[in-house]
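Okay, so here's the structure we're looking at.
Values below: all heavy atoms of this structure, side chains included; hydrogens, waters and symmetry mates excluded. Residues: numbered from 1 along the sequence shown. For ligands, and for the atoms within them, numbers begin at 1 and follow the listed sequence.
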Amino acid sequence: MVQPIFRFAPSPNGPLHMGHAYSALFGARQAERVGGLYLLRIEDIDRLRCRENFVADAVEILDWLGVRFDGHVRRQSQHMDDYARAIGKLEAMGLLYPCHCTRSALSRERLDPDGARLHQGRCEPGEGPFALRLDMARAWREGLTFFEQAQARQIKADASIWGDVVIARKDIGTSYHLSVVVDDALQGVTHVTRGADLFMATHVHRLLQSLLGLPTPLYHHHDLIRDDAGRKLAKSDGDKSLAALRDEGLTAAQIRSALGF
Ligand code: GLU
């Protein structure tokens, strides 16, 4: 039997808060239940937003919280070649096109699930740095599904809502979607556990796996931790970081129990 492999994959663009703690503990519990390995991956491709001190802080606070990881920590910023190779493969298949469009040239009315403006299907002429977009009409494949453990059922993948999604950003040469799919395959991840806010992203991920000939893990999108007003907790809301809660005197056991672990 293949050993199950799970991962927790934070982006070091701010301190970890309760939402991260829940996700990290959720993955750890799922891995433990089936005797799986639990990997830590630092998703630091966005050089402008990620900071080195957030990486060290994340590793330290997860350890304090009692989340244990196996193997070495993979840092996406050290594997740009892997992403370039996958992008080259999609390019060779004729599925990507360069796009110089500025934000104002994109649709104001039609947004993707992340709230980003959709591409209008034709590009403005331009020079200089460009993004690479997936030609969704050409790339789309019927009959793709993934298994959602939270619903205990097979979900039909439909990436069309993402339009001609960006596969390589102008500024960093790759994207979250592309990197995550490549890494999950290279790390042998069999189970992806992550927040429900990434459920729609899985539809693109499933398509990319199919195009790149990569295996599809099982998915478990867990509910998000919400604040008293029912909003999703986010760093941008100024919610307290785990480090701040610790400074206020909360113990790791108290945080775990507040989150149901
Ligand atoms: N790095 C992503 C985040 O922090 C999560 C990626 C994933 O679990 O697929 O939101």
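- The main-chain N or O of M200 is never found under 3.5 Å from a side-chain atom of H203 such that the two would form a donor-acceptor pair.
- Residue contacts with ligand 1 do not include H20, since none of its heavy atoms lies under 4.0 Å from the ligand.
- Checking only distances, V180 never comes within under 3.5 Å of ligand 1, N or O to N or O.
- The option with the heavy atom closest to atom 10 (O) of ligand 1, from among D184, D183, L198, is L198.
- H119 and Y97 have tilted rings, their planes meeting at an angle from 30° to 60° on a 0 to 90° scale.
- For the pair F54 and N13, the minimum side-chain heavy-atom distance is 4.5 Å or more.
- Residue-ligand proximity, R7 to ligand 1, at heavy-atom distances under 4.0 Å covers atoms 7 (C), 8 (O), 9 (O).
- When atom types are taken as modelled, the side chain of D70 and the backbone of Y38 share a donor-acceptor pair closer than 3.5 angstrom.
- Of all atoms in ligand 1, listed by their number and element, those nearer than 4.0 Å to a heavy atom of R194 are 7 (C), 8 (O), 9 (O).
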Exercise for review: Decide ring-ring contact (aromatic ring centres under 6.0 Å, His included) for F261 and Y22; before the verdict, give the C-alpha distance in whole Å, the side-chain angles of both, and the deciding distance to 0.1 Å.
Suggested key: CA-CA 9 Å; F261 292 92; Y22 182 80; 5.4 Å; yes
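- The aromatic ring centroids of Y176 and H205 lie less than 6.0 Å from each other.
- Ligand 1 has no atom lying under 4.0 Å from any heavy atom of F8.
- Checking only distances, E43 does come within under 3.5 Å of ligand 1, N or O to N or O.
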